[in-house]
2 protein chains.
Amino acid sequence: MTDLPAPGRTRNAAATRQAILDAAHHRFAKEGYDGASLREIAAAAKVDAALVSRYFGSKEELFVEVLNCAPDSSDLFEGELGDFGTRVAAKILDDRDVDQGVEYLLIMLRSASSPAAAEPLRRSMRTHFHDPFAAYLGGPHADVRARLAGDLIMGVCMSQAISADHDLDEEGQANLRKRLALVLQAAVEP
Amino acid sequence: MTDLPAPGRTRNAAATRQAILDAAHHRFAKEGYDGASLREIAAAAKVDAALVSRYFGSKEELFVEVLNCAPDSSDLFEGELGDFGTRVAAKILDDRDVDQGVEYLLIMLRSASSPAAAEPLRRSMRTHFHDPFAAYLGGPHADVRARLAGDLIMGVCMSQAISADHDLDEEGQANLRKRLALVLQAAVEP
DNA sequence: CGCCCAAGTCAACGGTTGATGACTTTTACA
DNA sequence: TGTAAAAGTCATCAACCGTTGACTTGGGCG
């Protein structure tokens, strides 16, 4: 076992804390708040299970921390508003971009049923998604348009998450992309 | 306690089985597959916990049975296609109609994270929602349009489920209804 | 070098879950 | 009416959960 990342530093509180945070992020995205156990998270971070409770106090506090460290999804809100539909549709339907900003949405929809996770979720969804989204959109009823587009994005992401294999053929997939772009654009435009 | 439905029949296998089924339906819709425990379901059905496993074999088999007994959501698919947007938007946003067909959607989105529930969910979603929906729509790419509209409906329902209190004022709510109707209509029209 | 606190480990706790087998009670039929 | 099977009850199991406290190990600093 000579695969120490930093030779002279085996014990590093900040690094292990970050490792736990990253592992928790992925496990929460894949299993949801209830489904992801602290032991699983600890194993994924190659860390003793007790350390998780030790560092973050409780599972719920760890969840809040994960939500706070989430990216702003600001990559969705860059570019012209006229391109919004096609741009976001491509980003959503291209599966392998999940690790960027959409994985954050997965945490939400997979943890929506947990009562303990509901309140942190609601708060984080506002600050990290709806508010910057509405600010990006601007114009009249920006909050309503942001919410509607956000709901559509969420629904599509969820549908993808449920159906592991795409049950649409290639032409249908292309048509879905085109149509999603159209509807998304209709949702955000004043 | 003289409220026996049939005076001479206290023990009725079919009736208790149905009671368990109804209770499971409500608990799954409210708590999701993982969140709803067999003991909770049994208590809601006023039945011993052991009977649930006894009647349905396992929790997953009970879940499948609940999905099979779900309504076809066919109330969404009645009426003219030109009205679809406004009609469905009203049905979704009017909270107290949940018990009809939308509660079935809640089961889906609250149980999407459970690996055990994923496969039954996928199958039931096809037969009970997407396929009749696509048949109702007709026209070219009916499956794509059905899926897109279904995803939008799901996202909006989920957003409502997450935000317990509506964080939109009355005018915003009215605008959301109008705009949702518009976008929904755009999603389903050829 | 030797101390001492931070970092990490280990075992265990109370609680809940899904599931099972043995037991008691009721119903229906001969 | 007597009896056997159906319907319901009870206690319990093994597994997992989040969390906690006591213990061991490591490295920076005097």
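Protein chains get the first letters and strands the later ones, always in sequence-line order, with residue 1 at the start of each. What you see below is based on every heavy atom in this structure, not just the backbone, and it leaves out hydrogens, waters and symmetry mates.
Comparing atom distances between the B:K59 side chain and each of D:dC10, D:dT19, C:dG18 picks out C:dG18 as nearest. For B:R39, taking side-chain heavy atoms from C-beta onward, the closest of the listed nucleotides C:dA6, C:dG18, D:dC10 is C:dG18. Listed nucleotides D:dA7, C:dG8, C:dA19 differ in distance to A:R54; the shortest reach to its side chain belongs to C:dG8.
OP1 or OP2 of D:dG8 lies within a sub-4.0 Å distance of a side-chain N or O belonging to B:T16. Between A:Y55 and C:dA7, a side-chain N or O to OP1/OP2 separation shorter than 4.0 Å is absent. Contact annotation: B:S37 side-chain N/O to C:dT17 OP1/OP2 distance is under 4.0 Å.
Residue contacts shown for A:A36 are limited to sugar-phosphate atoms, with no base heavy atom under 4.0 Å away. Among the heavy atoms of the strands, none lies under 4.0 Å from B:A49.
The separation between A:D34 atom CG and C:dT16 atom P is 15 Å, rounded to whole Å. The separation between B:D48 atom CG and C:dT20 atom C1' is 13 Å, rounded to whole Å. Computed from coordinates, the B:L38 CG to C:dA19 P distance equals 6 Å when rounded to whole Å. Atom P of nucleotide C:dT9 and atom NZ of A:K46 are separated by 13 Å, given to the nearest angstrom. Distance, A:N12 CG to C:dA7 P: 9 Å, rounded to whole Å. As a whole-Å value, the separation of B:E61 CD from C:dA19 C1' is 12 Å. Between the CG atom of B:L51 and the P atom of C:dT24 there is a distance of 17 Å, given to the nearest Å. Rounded to whole Å, the distance from CZ on B:F63 to P on C:dA19 is 14 Å.
Between B:A50 and B:A14, the residue whose closest nucleotide on DNA chain D is further toward the 5' end is B:A14.
Note: B:F63 and B:F28 have perpendicular aromatic rings, judged against thresholds of 30 and 60 degrees for the angle between ring planes.
The CG atom of B:N68 sits 9.5 Å away from atom CG of B:L21, with the distance rounded to the nearest 0.5 Å. To the nearest 0.5 Å, atoms SG (A:C157) and CD1 (A:I92) are separated by 5.0 Å.
Using a cut-off of 4.0 Å between Lys/Arg side-chain N and Asp/Glu carboxylate O, A:R17 and A:E65 are scored as salt-bridged.
Within 3.5 Å, a donor on the side chain of B:R11 pairs with an acceptor on the base of C:dT25, or the reverse.
In summary, the side chains of B:N175 and B:E171 do not present any donor paired with an acceptor at a separation below 3.5 Å, with no hydrogens or angles considered.
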